[in-house]
Amino acid sequence: MSIRTPLGFVRGLGSAKDGTHHWWMQRVTSVILIPLVLWFVISLLSVSHADYETFKYWLGHPFNAGAMIAMIVAAFYHASLGMQVVYEDYVRPESNKFVALLATQFLLFLFGAVAVVSVLKVALAAA
């Protein structure tokens, strides 16, 4: 027998007030990615037959480098949010969920950082 009230049993088990922000950020990143991916596809088609020097010149323009970095950051953040939802919904037990979330966050951050540094390296070499 316990002296806790029914409210005391469920306190802390409900919403952490974080789901709305997470949902909203997924929508914001997906809307941001629409024009960025369209720009990326059209731009790559325009330089698809170019040599490396021409591509470096193209990526050396501040708008192109900035848009590329914005697309990389938005895409990796969007992927991180999406994978978190998948793990939270479908992975059990909690220890497996925690390991999967930690590994995914680390790998996506690492790959995103490598991608941004690569764009900066090519873009700054062209300047």
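Note that this is a predicted model, so its numbers are computed, not measured.
- Between atom CG of residue D51 and atom OG1 of residue T54 there is a gap of 3.5 Å, rounded to the nearest 0.5 Å.
- With hydrophobic clusters built from ILVMFWY side chains whose heavy atoms lie under 4.5 angstrom apart, V99 does not share a cluster with V86.
- With a 4.5 Å cut-off on side-chain heavy atoms, F98 and V91 do not count as touching.
- For the atom pair L36 CG and M71 CE, the distance stands at 7.0 Å (nearest 0.5 Å).
- Within 6.0 Å of OH in Y87 there are more than 12 heavy atoms belonging to other residues, nucleotides or ligands.
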**Report entry** Worked check of side chain to side chain contact (heavy atoms under 4.5 Å, CB included) between L81 and W23
**Finding:** CA-CA 9 Å; L81 293 171; W23 180 87; over 6 Å; no
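- Side chain of S118 to main chain of V114: a donor-acceptor pair is present (N/O by atom type, distance under 3.5 Å, no hydrogens or angles).
- Residues L59 and V47 fail the side-chain proximity criterion, which asks for heavy atoms closer than 4.5 Å.
- Atom CG in L124 sits 11.0 Å away from atom NZ in K121 (nearest 0.5 Å).
- Across all non-hydrogen atoms, the minimal contact from I32 to A74 is CG2-CB, 4.3 Å.
- Under the 3.5 Å distance criterion, the side-chain polar atoms of S30 are matched with a main-chain donor or acceptor of R27.
- Both L120 and V73 sit in one connected hydrophobic cluster of ILVMFWY residues. Membership requires side-chain heavy atoms under 4.5 Å apart, directly or through other members.
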Report task. Decide side chain to side chain contact (heavy atoms under 4.5 Å, CB included) for Q105 and Q84; before the verdict, give the C-alpha distance in whole Å, the side-chain angles of both, and the deciding distance to 0.1 Å. Result -> CA-CA 9 Å; Q105 296 289 332; Q84 182 178 347; 4.2 Å; yes
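- A perpendicular orientation is assigned to the rings of W39 and F63, their planes being inclined by more than 60° (bins at 30° and 60°).
- In this structure, Q26 CD and Y77 OH are separated by 9.0 Å, a value rounded to the nearest 0.5 Å.
- You'll find the side chain of F109 stays beyond 4.5 Å of the side chain of S80, heavy atoms only.
- Contact annotation: the side chain of R92 never approaches that of N96 to less than 4.5 Å [non-hydrogen atoms, C-beta and beyond].
- Hydrophobic clustering (side-chain heavy atoms under 4.5 Å, transitive across Ile, Leu, Val, Met, Phe, Trp, Tyr) groups V122 together with L44.
- Y52 places a side-chain heavy atom less than 4.5 Å from the side chain of K56.
- Between L33 atom CG and F40 atom CZ the span is 11.5 Å, to the nearest 0.5 Å.
- Under the 4.5 Å side-chain heavy-atom criterion for Ile, Leu, Val, Met, Phe, Trp and Tyr, V117 and M68 are members of distinct hydrophobic clusters.
- Going from atom OG of S43 over to atom NE2 of H61 covers 11.5 Å, rounded to the nearest 0.5 Å.
- Both I72 and F111 belong to a common hydrophobic cluster when Ile, Leu, Val, Met, Phe, Trp and Tyr are linked at side-chain heavy-atom distances under 4.5 angstrom.
- Pairing each heavy atom of L108 with each of F76, the nearest pair is O-CD2, 3.4 Å.
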